[in-house]
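Beneath this line is the structure, given in structure tokens, with notes to follow.
By convention in this document, chain letters (A, B, ...) are assigned in the order of the sequence lines, proteins followed by strands, and residues within each chain are numbered from 1. Note that the structure is a prediction, hence the values are computed from the model and not measured. Worth knowing before you read on, the calculation uses all heavy atoms, side chains too, and leaves out hydrogens, waters and symmetry mates.
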Number of protein chains: 2
Amino acid sequence: MSEDEVLLQQLFEEEKLTDKQKKIIIAAIESFSEKGYAATSTNEIAKKAGVAEGTIFRHYKTKKELLVSIVAPLMTKLIGPFIVNDFHKVLDRPYENVEDFLRAAIKNRSDIIKKMLPVIKIVIQEIPFQPELREQFIEQVARKTFERILQVIKDYQDKGQLIEMPTLSVARLAISSIFGFLISRYILFPDSEWDDELETERTVQFIMHGLAVKD
Amino acid sequence: MSEDEVLLQQLFEEEKLTDKQKKIIIAAIESFSEKGYAATSTNEIAKKAGVAEGTIFRHYKTKKELLVSIVAPLMTKLIGPFIVNDFHKVLDRPYENVEDFLRAAIKNRSDIIKKMLPVIKIVIQEIPFQPELREQFIEQVARKTFERILQVIKDYQDKGQLIEMPTLSVARLAISSIFGFLISRYILFPDSEWDDELETERTVQFIMHGLAVKD
DNA sequence: AATGAAAGTGAGTAATCACTCATTTTTATT
DNA sequence: AATAAAAATGAGTGATTACTCACTTTCATT
């Protein structure tokens, strides 16, 4: 299964798509992520997909509907349930210690990003300008994820594994470190040589113990 | 002096600009940062500036030249020299300890962001799509800044204040934490209530000692 | 093989795009 | 006040935009 097919499979699962529709989606993802949504014309998408321009509008009323149809499943079908399941696992049979939880969190996010990078880039780029996407993201992804994270932090604080600090601040600091790693790894410097396991471990140890020399 | 005038002053210093040119720049910054460069029309900028569309093209050959004229000074005149001076100070008469250095770094970046937020947003949005901007950013800002940062880290490592870890990784972790704070503070949740001093201190302490409970 | 529905086509449309240029207005210098 | 240069104008340009629609092709069911 090609990379594009994996992406389609992940995004649209059992949804029935014609061959041409698949080509349109793949072409749109490529152009949107490379040039940005506003700078991509439907003409260009049609040509890249090897399809008549009218075909795009058979399937999607507007260009924006095409964008949303690509980006919405990323939020609802993938991140949503994933996070619920993932954190549920943590809460039901929690990882013994924070380190294991952090390692698992980083691993999982890495796997998602690897599969969905172009679509994730589109989301990041367009959320500031598309209120519809932003609202969907906040409601379906950010809010639920955040609640879970705060719970987990509280949990580890009660166990005495994390320092007492407002959970919101703890969350900000841990998330910054994890996303800092993932963004460096996959978006800023994807072509550098990365020892993923080593850098993951460094990130985990940093989150726990910082950079100061212990005396 | 109004907020817009501060911004103009910071960006263009002694450069001579007509009144209408100033209005064009202010309107362009506003539209570009709110809607994105590609989604902003020159007609719209002209109307917002209260100027004929032709006037824009008297001053700037193309729409892209207008973009670059706004964004380039941010890199050369502000960040460039600032970083050189700032880090020079650190290297010549270094801050006693890492904490003080981090506090100063966060403070300085905060001040810049406060003044230049709309233009910074434009840079962040457009760098992925404008090779010209990206190259300028990498050459003039990223490379020099990075060199300095690595030097500083090495320096504190030699003094025994930072753990031995490749400077690149140390840099990534520290920068993630600082930018994580600044992005949360000024871009993601600017309307939340922030105790800047407290959150700065938490960030500094996190970078140094992490989130684990000390035993 | 016949048939109706779904999918696909591509020429066409009005609107909008970045940009031009002949002309007018403002400004600076004397 | 005269004058030349600089700044500003706005109607006009061809190209491109997202989108439509009458028509053709493909497909599934019998």
Q: Calculate the interatomic distance between B:K23 atom NZ and D:dA7 atom C1'; express it in whole Å.
A: 14 Å

Q | Distance (rounded to the nearest 0.5 Å) between B:I56 CD1 and B:T62 OG1 | A | 11.5 Å

Q.
Give me each pair satisfying side chain to side chain donor-acceptor pair (under 3.5 Å) with a member in residues 170-183 of chain A, each pair once, sequence neighbours excluded.
A. A:R172-B:E199, A:R172-B:T203

Q | Whole angstrom value for the distance that separates P of C:dT24 from NZ of B:K20 | A | 18 Å

Q. For A:D19 and D:dT25, what is the distance between atoms CG and P respectively, to the nearest whole Å?
A. 20 Å

Q) For A:T42, which contact category applies under a 4.0 Å heavy-atom criterion: base, sugar-phosphate, or nothing? A) base

Q: Respond yes when some side-chain nitrogen or oxygen of A:H59 is under 4.0 Å from OP1 or OP2 of C:dA6, and no when none is.
A: no

Q | Residue-phosphate contact under 4.0 Å: B:S41 side-chain N/O, C:dC17 OP1/OP2 | A | yes

Q. Is the phosphate of C:dG8, meaning OP1 or OP2, less than 4.0 Å from a side-chain N or O of A:T18?
A. yes

Q: Specify the separation, in whole Å, of atom CG of A:N43 and atom P of C:dG10.
A: 13 Å

Q: Report the distance from atom OH of B:Y37 to atom C1' of C:dC17, rounded to the nearest whole Å.
A: 12 Å

Q.
If the cut-off is 4.0 Å, is A:K63 near the phosphate of D:dT17, judged by side-chain N/O to OP1 or OP2?
A. no

Q: Scan B:V98, B:L168, B:T167 and name whichever one has a side-chain contact (heavy atoms from CB on, under 4.5 Å) with B:I153.
A: B:T167

Q) For the helix from C:dA1-D:dT30 to C:dT30-D:dA1, what is the angle between the axes at its two ends, each from 5 pairs, rounded to 10°? A) 30°

Q: Let me know, please, whether A:K61 or A:E44 comes out on the 5' side of the other along DNA chain D by nearest nucleotide.
A: A:E44

Q. Between A:E53 and A:R58, which has a closest nucleotide on DNA chain D that is more 5'?
A. A:E53

Q | Side-chain ion pair, B:K23 and B:D19, N-O less than 4.0 Å | A | no

Q) Quick one: B:I56 CD1 to D:dA8 P, roughly how many Å, whole number? A) 12 Å

Q) D:dA8 P sits how many Å from B:F57 CZ, rounded? A) 15 Å

Q. Do A:K121 and A:F32 meet the cation-pi criteria used here (NZ or CZ under 6.0 Å from the six-membered ring centre, within 45° of the axis)?
A. no

Q) Any side-chain N or O of A:T55 less than 4.0 Å from the OP1 or OP2 oxygen of C:dT9? A) yes

Q | Atom-pair distance (CG on A:L66; P on D:dC19), nearest Å | A | 10 Å

Q: Give me the ring orientation class for A:F206 and B:F206: parallel if the planes are under 30° apart, tilted from 30 to 60°, perpendicular past 60°.
A: perpendicular

Q: Taking side chain to side chain donor-acceptor pair (under 3.5 Å) as the test, write out the residues that go with B:D196, two or more places apart.
A: B:R185

